[in-house]
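Here is the naming used below: chain letters follow the sequence lines, and residue numbers restart at 1 for every chain.
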Amino acid sequence: MDQAKSMAWKAVAALAVLFLIGTALLLSFARTTSAQENVRAAQAAGVQKTEGAAQGAHGTDAQGTGKASSSAAGTSAPANDGNSSQPATAQGQVQAGSENGALAGGTSVTEEDKNAAPTVHPAFDLTDGAELYTAACQSCHMPGGVGADAGAGTKNYPALAGNQNLQAAVYPATFILNGAGAMPSFADQLTDEQVAAIINYLRQDLNNFEGETTAAEIEPLRKSARSTTLGDDAG
Amino acid sequence: MTKSSVPKGKVGGMSRRRFIEMMGAIGGSTAAYHAMTSLGFAQASTNAVPTLQGSGQGKSVLILGAGLAGMSSAFELSKIGYDVKILEYNERAGGRCWTLRGGDTYTELGGETQQVKFQEGNYFNPGPWRIPYHHQTYMHYARQFGVRLEPFIQVNENAYIHRSGPGKKYRIREVRSDFYGNVAELLSKAVNAGALEGDLTGDDQDAMIEALSQWGALDDSARYVKGMVSSYHRGYAVDPGDRTDPGPGQPSDLIPREELLKDGYWQNIIDGLVYEHQQAIFQPVGGMDQMARAFEERTRDMITYQARVTGLTVTDSGVTATYQDAGGAEKQVQADYCICTIPLSVLSQIDLKADPELVKATKEIAYAASFKAGLESRRFWETEEHIYGGVTYTDLPIAVTSYPSTGQNLAETGVLLAAYQFGPNALKYSGMTPDERLKDVRGQYAQIHPQIEKDFISGVSVGWHRVPWSLGCYAPYSDEQRKGAYEVLSRRHGPLMLAGEHISYWNGWQEGALLSAMSAVKEIHGAAQAG
């Protein structure tokens, strides 16, 4: 009986905490801005993501490639990147736009929130440029970057192989981080290292352009990145 | 329906949907509903089919796209005398209201062609596959056209929630009952300990204890334990039967509480409780395209098939569309008004000469990624596991799987939905060859149902970014875009209005296409009457 009582009291304590957290979470979530939601989402999934990111970083280091050492700082966990104080124009726009929205709930956006950088949720547990291309880009730009032009559109999916625009690394970087038209932005799904790896694959393997793009070159481009969603539900 | 403004990786954080599911799991549907309303989710659609007064005689309307939005617009406008023409890219009408059957071929962008080999009577809906009861515009047309509906089994308590880490699957009834039972026991303890005295008066406390006992299947001591009481909710180890053996049956073991929480089984008990999935929910008998066929029967004479629109010029006095016909010849068609239902993914590539604000808005919406795979198989899920329709959830990339909601207990074979993905995984799977996809999907599916390895007959897969005429699945908006591009896209621009799921808050649902078509018809007719 004593044991049962003790169990019961533990349960009561746990329950009280659960309710407080639940209520607080409900209130704060319902009154949050989309940017806060993003950060919260990252925190909520923090364990999983940190693990994933650590694996990614570990994998890169283990390979001992030049890329890994040159971007040692950049291989920090993306979840931490998300909490860095790098101000981001795109994020600021999202917040400004959300202030009067359904998510705002009448609260004002604090200074602290405005400085929150977009959170990257690495969606592909890969480091190799070719493998990343296969997972993220090939659905539209096709194997080998040949593109596709047999659809209802006038351009459909542009070829990336033999594409002179790719001479400048900033060209594919801009598309990857901003999207274009119906093309989604991958700013929230790819780390700086992954964006760089894809660009190197596009430029070096699919075209014969010289020059290595590093993660450090991608990071500043995020300031103006546009976030889009890849969808989550339909009828 | 309404999607979160924040992009969400599959690996990534808690989506708004996920949060609402969690609140539902903790607080029941009331908490979920309050979360939904405050997050902007809960919005009913109404039967918006207008009764148009007056005549459209002498006025022409050009409709771009013969999906549900285009055909319903044509149907309503032609009834009151408008001269309606529809240009359709495909050889068939329906757009994303689409069903694949044996004998069909599907060629995706990149040139891969799949021959569908399903047996007679089997089918696969690559796009929309269910109709909530509150999608009243759809229900109106189904009733009017005699499109037969049958229940779509959204929630089957005997289907599974699977977790790949521990390699375990539990029946939904087991997860749900155990989650409720644990919550009920904990809350009962809190009430009895006086922890909620500030929230509940004495009488209410008694009522709450009684409610929790019944809702959570608690025993006489207000505990959720293995026994016939909990088994009455979660199911038995041995079902009750006849005589003395098995007699009353035997109670089943509970899922350990820490396992319920740690492995997140609770995450999948809410999907069927959200407004857009609640029973009653339906599907057309024989495949989703039955509605497309019903509209096509009534609008066929207005449709020019295999017409690829390359340009649209909008002036104050009307529109001119340029298109390539089936033979590749360039043609033009003029009209007083236009309802354009071409997905933004395609429209953004067309030479659109119109209000620059509109042109800009068409280029701002990135389309959602989605992937589905269908596997035809002997119905082992019914004969061996007693699952008759419904949804099984897994944390594997295939994510959502479903058993056919038709032919249960009678047909020998059926088509399983073996993968239903959004986001990054959908892109990844869309990027594979059809053979690679089926191999991968079957391998994952076998972790839930090993029988698929021997019972698989044939399969088909559709990655929506490879669909030549939609270049993506649907239009997802951020909150910011709702106030910017969406508002522009929703407005009438002289003689032009857009329609389609992208001009609604029911994105990716047919009701959104129909609602936007009805409002376009009303406004075009109003403008025509005025002008």
So do the side chains of B/His465 and A/Met183 get within less than 4.5 Å of each other, counting heavy atoms only?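 No, too far: nothing below the 4.5 Å cut-off.
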Side chain to side chain, A/Asp233 and B/His277, heavy atoms closer than 4.5 Å: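 A side-chain contact under 4.5 Å exists here.
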Largest heavy-atom contact set with chain B, pairs under 4.5 Å, which of A/Ala152, A/Ser185, A/Ala180, A/Gly151: A/Ala152
Residue B/Ile365 versus chain A: region with a heavy atom under 4.5 Å: backbone
Region of B/Arg130 that comes under 4.5 Å of a non-hydrogen atom in chain A: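 For B/Arg130, heavy atoms of backbone and side chain both lie under 4.5 Å from chain A.
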Heavy-atom distances under 4.5 Å only: say whether A/Ala136 touches chain B with side chain, backbone, both or neither.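 Looking at A/Ala136, just its backbone touches chain B.
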Which atoms form the tightest heavy-atom contact between [X] and [Y], and what is the distance?
X: B/Ser348; Y: A/Ala182; result: OG-N, 4.4 Å
X: B/Ala368; Y: A/Gly231; result: CB-CA, 3.7 Å
X: B/Ala366; Y: A/Pro184; result: CB-CA, 3.4 Å
X: B/Pro468; Y: A/Ala150; result: CB-O, 4.1 Å
X: A/Ala234; Y: B/Gly508; result: CB-O, 3.6 Å
X: A/Asp232; Y: B/Tyr474; result: N-OH, 3.0 Å

[X] side, atom [atom1]; [Y] side, atom [atom2] - distance, nearest 0.5 Å:
X: B/Lys428; Y: A/Ser139; atom1: NZ; atom2: OG; value: 12.5 Å
X: B/Gln324; Y: A/Thr154; atom1: CD; atom2: OG1; value: 10.5 Å
X: B/Glu480; Y: A/Arg226; atom1: CD; atom2: CZ; value: 10.0 Å
X: A/Cys140; Y: B/Leu427; atom1: SG; atom2: CG; value: 6.5 Å

Looking at B/Leu471, B/Ile350, B/Thr310, B/Asn125, which has the largest count of heavy-atom pairs under 4.5 Å with chain A?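 Heavy-atom pairs under 4.5 Å are most numerous for B/Leu471.
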Distance-only, no hydrogens or angles: does the B/Gln349 side chain make a donor-acceptor pair with backbone N or O of A/Asn156 under 3.5 Å?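 Flag set: sc B/Gln349 to bb A/Asn156 pair under 3.5 Å.
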